[in-house]
Amino acid sequence: MKRKYLSMAVGCALLAPAAFVQAQEQQHPAGHQQATQLDEVTVTARRRTESIQDVPVAVSAFGEEQIKDLQASTVEGLQGAVPNMNIAQGRGSANSVNVFIRGIGQPDALQTFDPGVGMYVDDVYYSRINGALFSLFDIQQLEVLRGPQGTLYGKNSTGGAIKLTTKNPFDNEGGAVEVTAGDYGRLEGRFYVSGKLSDTFAASAAGAKITNDGYVRDADTGKHYNDDDTEALRVKLAFNPADNFRATLSLDTTKQDAALTLGRPMANLERTDVVLGKVVLKPGETGKWDRRVRTSFKDGQGQYLKHSGASLAMDWDIDEQWTLKSISAYRKLKTKSYIDIDASEYELGDVLVALDQNQKSQEFQLHYDNGSNLHLTFGAYYMKENVPSYQEAYASDLFGVLGSQVKFLRTISDDLETTSKAAFAHANWTFAPSWTLAAGVRWTKDTKDYERTTSTFWGAPFTGLNETVPFPATSASWTAMTPSVSLQKAFSDNLMGYVSANRGFKSGGFNGRANSAYEVRTARFNPEFVWTYEAGLKGTSADRRFRGSAAAFYSNYSDFQARVSEISNPGSMIPDFKFPVLNAAKVNIKGIELEGSALLGEATTLSGQLSWLDAKYDRFDDPRHDPAYPGYDPVNVIHDHVPFSPDWTARVALQHVFGLGDNGNLTFGGDVSYRGKTWLSVDNRAVLSQDAYTLVGVYGVWDSPQMAWQVRAGVRNLTDRQYKTEGQEFASIANIQTAYYGLPRNWYVSLRYNF
């Protein structure tokens, strides 16, 4: 079966040898019209509008219709559609997203870690993975850039960037209303309305209400979990008072109030008993999951988020050659999430995590274009982020004396302040008729100030161990120079090749899981760096019916920030659980990425991607490998595989439009995606891995003759494949190893009216 689907993907990808484009391929035309070529696709990967065929960057782009054809309601729906990208809902959280591109991401969800993949909405950087599981309700275009980004972007990113661009009020007059219903109680409503209020002023409003009951239920009460209840609103005001000046004010807010997101315990859950030693409380689950759960949390202890912001983007054409752009933004994120880490009815690793983050950022860009062979970009970026956090950890079933439980509660109040400053410059010079050289450099300085207070409360007989420890405030700064260079050759009007080298940087930080004053003082970890070297081809056929890309890359990734789990005093009456962050590893990553799309006949579109990734540790410096270390663990501490880095991923999508004359169009489509074996934890615990699997999706669309009405129906995960997407690994505490699963088979029907 694996060979069959890989062969399908190879055949599709080889239809065209250069840049994958699914954005704006087929827009379900009004009336059956003969299509003769694929539409041109433009992207803003280099902060200016260019044909995707001319950009020496591995980039995938999706327009509004293609996002629908992916059957994606959030950014998680991109899984499988982009080469060498792993994107999933964050572990145990209804509002966060975990993204890895080419083996680089954020291995710990805590707020003291920075993302490895930058998330941008209308060029505004979102600094937390919390609140980044975006609902796709008014997106004009979505771009995914693979490889380090820095010399053209506000925040340096080692793995890549995901850019969402929302609709411009001047370009999208009119609107739409859409209602979607499906199984598992799915009910969604979306609207968009936009129009010119004068020749110089336009406004738009977009909103969404998204609900579902969840596909996980309590085994005893029938209560539903892993649900959603989200409300989102965005208002944009665009002002063009003169030909040389444009300004857009954007205001948005999102509110989510969901139940718990629960996983499945994959290993025996244990209590540490003073007399009896380890006592198994719950056997680990094997075989197919019935999606039935139990939890120690009560009704009302769910997951809440409110995420709001404002941004002002201004463009001023100083003259025919110079343009100044300013992007000012303020964002506020508030979350209160209960997370049942052990996924059981016991209090072993249950937590409350509450954030109250705010973020201010300012970016300036100065562009020069001589109209022929030279384009220059100069930029400056400033961001200040404050992330106060309050946490509670409940573990009253973790410790026991003579079979009786011992009450345990730990509270944590911490505050992280980050100041990021950067300056960057980039030049694009066509120095000969078919040769272009691009080079850039970025200077970054990140400063972090961190302080923390921890209180521990024990029940009898350990009440004498209660304590409150104010940890000393600490601060650190890191600076980096990250260059980029590319050389590009136009072999013909339809074929381009390039080579590039890019350096990425992700700043260091402080371990937000430290539980003693000593740990905080010594828990600073250093930055990560990566050099990526890439060669690629992008091209189209002469008749523009075939388009594709091929890229090969090699990345040298150093000082990988790995959070691990250990017991520093095994065998003692009360074990000391620690979660150190190690600059543990040097990783060599190489891969090949093929993407393509083809117009077959008059109304059939075939597209696909095939990617291969070989991510290996050159070294992994882990003290738990040392027999003299108190936490020595030669059995479970294994680092043979880089997490979230499957060797093969592939996707094939086929769509055909049937013209119905005066009755509109009928479109049928579907896709098959394949993902190789994936490890879900830094320590390669066997139960936190997912074997290779294949997913199938199908859909049908009817469009009325004038595109006023649209009816869409689809099924995701048609074969009801059960597969893991994420994992919690805290094996030193109660042997916690929890897996989270993707959606089961689900169907939906939507009705849309365009006006």
Side-chain angles (χ1 to χ4, degrees), residues 90-96 108-113 128-131 225 256-263 269 271-272 294-306 333-357 387-400 405-416 450-460 462-463 465-471 510-517 519-520 523 563 565 574-579 728-730 732-734 736 738:
R91 57 195 74 110
S93 170
N95 55 59
S96 64
D108 193 293
L110 210 62
Q111 74 279 1
T112 50
F113 293 83
R128 298 292 110 216
I129 65 172
N130 304 95
Y225 298 100
Q256 183 183 58
D257 192 359
L260 298 172
T261 298
L262 293 173
L269 294 174
R271 182 175 71 193
T272 298
R294 289 185 173 89
T295 179
S296 59
F297 284 118
K298 311 303 180 187
D299 287 347
Q301 293 179 309
Q303 300 182 343
Y304 170 85
L305 167 141
K306 186 173 182 182
L333 170 67
K334 186 173 184 178
T335 70
K336 184 179 181 181
S337 296
Y338 291 92
I339 302 175
D340 193 335
I341 295 177
D342 57 82
S344 78
E345 63 269 37
Y346 300 103
E347 279 191 7
L348 297 170
D350 301 343
V351 297
L352 164 67
V353 180
L355 306 178
D356 195 1
Q357 179 248 18
V387 193
S389 169
Y390 175 74
Q391 303 169 47
E392 293 182 351
Y394 317 107
S396 291
D397 292 312
L398 178 57
F399 303 99
Q405 69 179 20
V406 176
K407 293 290 185 180
F408 177 88
L409 170 67
R410 172 169 285 148
T411 64
I412 299 166
S413 296
D414 65 0
D415 195 347
L416 173 67
Y450 186 63
E451 58 182 316
R452 178 184 180 97
T453 298
T454 295
S455 297
T456 305
F457 305 96
W458 291 89
F462 301 122
T463 53
L465 299 178
N466 292 349
E467 63 176 348
T468 297
V469 181
F471 299 158
F510 302 97
N511 183 6
R513 299 190 187 277
N515 291 320
S516 70
E519 282 184 90
V520 170
R563 191 273 300 160
S565 175
I574 300 178
D576 186 6
F577 304 111
K578 292 184 177 180
F579 310 100
Q728 296 268 21
E729 192 276 301
F730 291 92
S732 65
I733 299 180
I736 293 173
T738 301

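Side chains included, hydrogens not; waters and symmetry mates left out as well; all remaining heavy atoms used.
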Please report the shortest heavy-atom distance between [X] and [Y], naming the atom on each side.
| X | Y | answer |
| --- | --- | --- |
| A343 | T738 | CB-CG2, 3.8 Å |
| Q303 | G92 | NE2-O, 2.7 Å |
| A734 | L398 | CB-CD1, 3.7 Å |
| T453 | P470 | OG1-CA, 3.9 Å |
| T468 | S455 | OG1-OG, 2.9 Å |
| D342 | L348 | OD2-N, 3.4 Å |

Worked check of side-chain contact (heavy atoms from CB on, under 4.5 Å) between L110 and R563:
CA-CA 10 Å; L110 210 62; R563 191 273 300 160; over 6 Å; no
Are D350 and S296 close enough that a side-chain donor and a side-chain acceptor fall under 3.5 Å?
yes
Set out, in order, the CA-CA distance, both residues' side-chain angles and the distance that settles side-chain contact (heavy atoms from CB on, under 4.5 Å) for R513 and D108, then state yes or no.
CA-CA 10 Å; R513 299 190 187 277; D108 193 293; 3.0 Å; yes
For the [atom1] atom of [X] and the [atom2] atom of [Y], what is their distance to the nearest 0.5 Å?
| X | Y | atom1 | atom2 | result |
| --- | --- | --- | --- | --- |
| K407 | F462 | NZ | CZ | 15.0 Å |
| N130 | S93 | CG | OG | 6.0 Å |
| S413 | E392 | OG | CD | 9.0 Å |
| L355 | K336 | CG | NZ | 12.5 Å |
| L305 | S96 | CG | OG | 10.0 Å |
| L260 | D299 | CG | CG | 9.5 Å |

Report yes if the side chains of [X] and [Y] come closer than 4.5 Å at any heavy-atom pair, otherwise no.
| X | Y | answer |
| --- | --- | --- |
| R91 | E729 | no |
| T454 | D414 | no |
| R128 | Q357 | yes |
| F408 | Y394 | no |
| Y390 | D356 | no |

Checking R271 now: which residues fulfil salt bridge (charged side-chain N to carboxylate O under 4.0 Å, His left out) with it, not counting sequence neighbours?
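Once residues adjacent in sequence are excluded, the partners of R271 under the salt bridge (charged side-chain N to carboxylate O under 4.0 Å, His left out) criterion are D273.
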Has the side chain of [X] got a donor or acceptor atom that lies under 3.5 Å from a matching backbone atom of [Y]?
| X | Y | result |
| --- | --- | --- |
| Q256 | A94 | yes |
| T295 | E345 | no |
| R452 | I412 | no |

Evaluate F471 against Y450 for ring pair (Phe, Tyr, Trp, His ring centres under 6.0 Å), listing each step before the verdict.
CA-CA 10 Å; F471 299 158; Y450 186 63; 9.0 Å; no
Worked verdict on V387 versus T112 for side-chain contact (heavy atoms from CB on, under 4.5 Å)
CA-CA 9 Å; V387 193; T112 50; over 6 Å; no
Take T456 and L465, measure what side-chain contact (heavy atoms from CB on, under 4.5 Å) needs, and give me the verdict at the end.
CA-CA 8 Å; T456 305; L465 299 178; over 6 Å; no
Give the ring-plane orientation class for F730 versus F579, where under 30° counts as parallel, over 60° as perpendicular and anything between as tilted.
perpendicular
